[in-house]
A.B. asks: 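My questions will all concern the structure given below.
Chain letters run A, B, ... following the sequence lines, proteins first and then strands; every chain starts at 1. Quick note: numbers below take in every heavy atom, side chains included, and nothing from hydrogens, waters or symmetry partners.
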Number of protein chains: 2
Amino acid sequence: MQSDAAAARQEIALLLRRLNVELDAVGQRFADLHGLNRTDVRALVAIMDAARRGEALTAGRLGEAVDLRSASVTALVDRLEKVGHVRRVRDPEDRRRVGLEMSEAAMTAGAQHFGGLARDLSAAMEGYSAEDLAVVRRWLEDMTGVITRHSRGEPSAD
Amino acid sequence: MQSDAAAARQEIALLLRRLNVELDAVGQRFADLHGLNRTDVRALVAIMDAARRGEALTAGRLGEAVDLRSASVTALVDRLEKVGHVRRVRDPEDRRRVGLEMSEAAMTAGAQHFGGLARDLSAAMEGYSAEDLAVVRRWLEDMTGVITRHSRGEPSAD
DNA sequence: GTCGATTATCTCGATCGTCGAGATAATAGC
DNA sequence: GCTATTATCTCGACGATCGAGATAATCGAC
């Protein structure tokens, strides 16, 4: 019988779900603090991520990132622009395109909130050995693979 | 210099964020498959979790679980009841209260989708030793602690 | 037991986010 | 040039959520 081991694995799956809920709550809290909704936060994070990679997101690409139709993206960017979080910048190369640039203030607020979390997570991992972190890393990659297949609706490999 | 170790920790934090995104996508997929929105899915999960604990959720408690005001809960339960996923059951003890019972079909669909994920996750952990899983478990608890503090807006312990 | 306070849910009207359809404007291909 | 394609925007409609207030049941003090 290995039902003990199976129970341990199920418990870990439950812990993962709980972590997921709390991680979502971090985004929700940022939204509450800044008078935004969850979509707005996801958009700002997408723009920030792109900026970190050195790319300036266009309206269309932002829509793909947050899975919204063009009409909704226009409304979304209107909201973010109205409160000064982003600026529309027409691309001189292709004047149909609208680039999105985050304001310094929004960048700072985002870095403080989410960067602070990343810093605290990193700090909480300081007590772990390189070997332990390698295990965690492999586990994260394995779990993400399984989850990704589920989110795409692909059959489980059994 | 331990910037290598710091970089490894940051990378793990990024992996965790990616996992979170995919885990959200699993719920989104369930919603798409059944013509529901994310709130409806969260509600069904909350009802299912309560049922597993042997409790029948009332409308009010469901509202707390998914963070909605009573007016929205009424609309939410109306939606779920209309498509036959839940049934309103007046509590004979306290006839103000409305208990919520999931239909067999909804229960089965939920168990299939989310239970299937749990099963696959568990299977993917079979290759891990008890020691490795203990590391993962401790790590999950530590990270959840940090994240929960952030989601509650409590100061980081530095 | 009766009556006011409290609790649980519901109704109504308003607001806001999202979308489909179609307009507008710029680019690309021939 | 002229047409097809691409990127974004406008407009009208729909649906999820909410605040305020209504309704109905329970509780507590007397």
A.B. asks: Not counting sequence neighbours, list each pair that qualifies as a salt bridge (Lys or Arg N to Asp or Glu O under 4.0 Å) and has a residue in residues 27-38 of chain B.
C.D. replies: none

A.B. asks: Give me, pair by pair, the N or O atoms of the protein and of nucleotides 26-30 of chain C that are less than 3.5 Å apart, along with how far apart they are.
C.D. replies:
| from | atom 1 | to | atom 2 | distance (Å) |
| --- | --- | --- | --- | --- |
| C/dA26 | OP1 | A/R95 | NH2 | 3.2 |
| C/dT27 | OP1 | A/R95 | N | 3.1 |

A.B. asks: Under the ring pair (Phe, Tyr, Trp, His ring centres under 6.0 Å) rule, what pairs show up with a residue in residues 71-113 of chain B, not counting sequence neighbours?
C.D. replies: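 Qualifying pairs: B/F30-B/H113.
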
A.B. asks: Run the side-chain hydrogen bond (donor to acceptor under 3.5 Å, both in side chains) test against A/S122 and tell me which residues pass, sequence neighbours left out.
C.D. replies: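 A/S122 satisfies side-chain hydrogen bond (donor to acceptor under 3.5 Å, both in side chains) with B/R9 only.
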
A.B. asks: Under the ring pair (Phe, Tyr, Trp, His ring centres under 6.0 Å) definition, can you give me all pairs with a residue in residues 40-84 of chain A, not counting sequence neighbours?
C.D. replies: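 Non-adjacent pairs meeting ring pair (Phe, Tyr, Trp, His ring centres under 6.0 Å): zero.
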
A.B. asks: For DNA chain C, what residues of residues 33-69 of chain B have any heavy atom nearer than 4.0 Å?
C.D. replies: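 Per residue number, the list reads B/T58, B/A59, B/G60.
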
A.B. asks: Can you list, in residue-number order, the parts of residues 70-83 of chain B that come under 4.0 Å of DNA chain C, counting heavy atoms only?
C.D. replies: B/S70, B/A71, B/T74

A.B. asks: Give me each pair satisfying side-chain hydrogen bond (donor to acceptor under 3.5 Å, both in side chains) with a member in residues 50-63 of chain A, each pair once, sequence neighbours excluded.
C.D. replies: A/R53-A/E55

A.B. asks: How long is the straight-line distance from CG of A/L23 back to CG of B/L23, given to the nearest 0.5 Å?
C.D. replies: 10.0 Å

A.B. asks: Between C1' on D/dA24 and CZ on B/R88, what's the gap in Å once rounded to a whole number?
C.D. replies: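 Atom-to-atom, B/R88 to D/dA24, this comes out as 15 Å.
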
A.B. asks: Suppose we screen for side-chain hydrogen bond (donor to acceptor under 3.5 Å, both in side chains). Which residues come up paired with B/R79, at least two apart in sequence or across chains?
C.D. replies: B/D40

A.B. asks: Using the side-chain hydrogen bond (donor to acceptor under 3.5 Å, both in side chains) criterion, which residues pair with A/Q112? Sequence neighbours excluded.
C.D. replies: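 None.
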
A.B. asks: Who passes side-chain hydrogen bond (donor to acceptor under 3.5 Å, both in side chains) against B/R138, sequence neighbours left out?
C.D. replies: none

A.B. asks: Calculate the interatomic distance between B/L100 atom CG and C/dA8 atom P; express it in whole Å.
C.D. replies: 14 Å

A.B. asks: Please tabulate, for side-chain N and O atoms in residues 70-78 of chain B, each donor-acceptor pair with protein atoms closer than 3.5 Å (sequence neighbours left out).
C.D. replies:
| from | atom 1 | to | atom 2 | distance (Å) |
| --- | --- | --- | --- | --- |
| B/T74 | OG1 | B/S70 | O | 3.2 |
| B/D78 | OD1 | B/R88 | NH1 | 3.0 |
| B/D78 | OD1 | B/R88 | NH2 | 3.0 |

